[in-house]
Every structure is written in structure tokens, then in C-alpha cells.
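If you read the sequence from its start, that first residue is 1, and numbering goes on from there.
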Amino acid sequence: MSRRIPNHDDPQTVTDMIHTAMQRVPFGQWLGLELTHLTTERVHVGLKMRDEFVGNPARNILHGGIISAVLDTVGGFAALLGVVAQGRNSNGSDEVSPWLSTIDLRTDFLRPGTGDAFTAEAYPLRVGNRLAVTRMELHNDAETLIAVGTGTYIIP
């Protein structure tokens, strides 16, 4: 699915693209991510704790793989924001695809992932002709910073 690149001041079109991407990726559906806030510069998604997400049953802590997956997903959405803000894709056309591929991901686990709900936020650091680099954060429902990440995505 490609669409003409929307005006970066039109958050509804970008919201629609992110919702489409969330609905069409089975793993993303399984995570149960919910788009909670979107500006022209940042994207926020929410995640509710589930039994399947526990990595340490003795302490009911969110699994590191889930943390990385959430950061990767929200980072990809931020990369999409950056492409839209730039107004072109890698081949210079006015078509954009929400299917950016991760080529590098770094996750720094700062604290145990305790909580009933989590919020991940991301923003583009740099968007070039072929790559977008994003910064991500994951907070729990007490607003404690759990993990941070940096992702690099290839622009189709």
C-alpha cells in the first residue's frame, strides 16, 4: 500500500497510515498497541500488560523482547513521520509506503518493566535519502522510564 505523501500538517492522513500499518501486521495486532497521541514530530502508543508478556513470573516484569518490539514498532512510525515531514521518499517520488524496514535497533533496559500499562514515544532524529534514525522511550503507568532505544530504518 502506497499513498501520496500527505501534507505534514495533516495528522489525520498520517494517523490513517499508522492505523493501517497496525491493522495489517499480525504481530502488531497481537501486541495490542494503541495509537494514543500523534503530532507532526512525535508518536505515542500504549500497551497494556498481559500474562503473555511476562518475562519474570516471580516479579511480573515485562519481557525484554516485548520491550524491544514495542520500541521498534513506535520507532518505525516515527520514521514514517520523518519521511512525511520531508515530503519525499528515497526515489524522490511523492508516494510513501508505511512499510519501513528495521536495519538496526539498540535497546537500553534501564529499569524492570513493572506496571499495568506502558507508553512508548518516538521521534525522528534524522531522515536522509535512504535511512531514517529515530529515538524511542518506554515508560510505565507511573511514568517511570523503563527503556530507551535508537532505531535505523530503510526508506523504500
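The two atoms that bring L100 and P156 nearest to each other are CD2-CD, 3.2 Å, heavy atoms only. Across A120 and L138, no two heavy atoms sit closer than the pair CB-CD1, 3.9 Å. Across all their heavy atoms, T134 and G75 have their closest contact at CG2-O, 3.3 Å. Across all their heavy atoms, L105 and T102 have their closest contact at CB-CG2, 4.2 Å. Heavy-atom minimum distance, A78 versus V43: N-CG1, 3.8 Å. Heavy-atom minimum distance, R135 versus V148: NH2-CG2, 3.6 Å.
Here S68 pairs with T107 under the side chain to side chain donor-acceptor pair (under 3.5 Å) rule; sequence neighbours left out.
Here salt bridge (Lys or Arg N to Asp or Glu O under 4.0 Å) pairs that include residues 109-129, with residues two or more places apart or in two chains, are R42-E121. For the salt bridge (Lys or Arg N to Asp or Glu O under 4.0 Å) condition, the pairs that include at least one residue of residues 50-64, sequence neighbours left out, are R50-E52. Applying the ring-ring contact (aromatic ring centres under 6.0 Å, His included) test to residues at least two apart or on different chains, none of the pairs has a partner in residues 111-132. Pairs engaging residues 137-156 under the ring-ring contact (aromatic ring centres under 6.0 Å, His included) rule: none recorded [sequence neighbours left out]. Residue pairs that meet the ring-ring contact (aromatic ring centres under 6.0 Å, His included) test with at least one member in residues 20-39, sequence neighbours left out, are F27-W30, W30-F53, H37-H44.
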The test is side-chain contact (heavy atoms from CB on, under 4.5 Å); show your working for T15 and L35 and say whether it passes. CA-CA 8 Å; T15 301; L35 182 63; 3.7 Å; yes
Check against side-chain contact (heavy atoms from CB on, under 4.5 Å), L110 and I146: CA-CA 5 Å; L110 306 175; I146 302 298; over 6 Å; no
Hey, mind stepping through M136 and T150 against side-chain contact (heavy atoms from CB on, under 4.5 Å) and telling me if it holds? CA-CA 6 Å; M136 302 84 77; T150 304; 5.6 Å; no
Verdict with supporting geometry, R24 and T20, side-chain contact (heavy atoms from CB on, under 4.5 Å): CA-CA 6 Å; R24 293 188 60 194; T20 297; 3.7 Å; yes
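I103 CD1 to R130 CZ: the interatomic distance, rounded to the nearest 0.5 Å, is 9.0 Å. Rounded to the nearest 0.5 Å, atoms OG1 (T119) and CD (E34) are 9.5 Å apart. Separating the CG atom in L145 from the CG atom in N140 is a distance of 9.0 Å, to the nearest 0.5 Å.
Put simply, F109 and I61 are part of two different groups of oily side chains (I, L, V, M, F, W, Y) that touch within less than 4.5 Å, one to the next. One hydrophobic cluster, built from ILVMFWY side chains closer than 4.5 Å, cannot hold both V133 and V127; they sit in different ones. Cluster membership check: L125 does not share its hydrophobic cluster with L81, using side-chain heavy-atom separations under 4.5 Å among Ile, Leu, Val, Met, Phe, Trp and Tyr. No continuous path of hydrophobic side-chain contacts links F77 to L131 [ILVMFWY only; heavy atoms under 4.5 Å].
Atom CD of Q29 is surrounded by more than 12 heavy atoms from other residues, nucleotides or ligands within 6.0 Å.
Looking at I18 and L38, their side chains come closer than 4.5 Å, going by heavy atoms from C-beta outward. For the pair V54 and M49, the minimum side-chain heavy-atom distance is below 4.5 Å.
Looking at N56, its side chain never comes within 3.5 Å of a backbone N or O of N60 through a donor-acceptor pair.
A salt bridge links D108 with R106: the closest approach of a Lys/Arg side-chain nitrogen to an acidic carboxylate oxygen falls below 4.0 angstrom.
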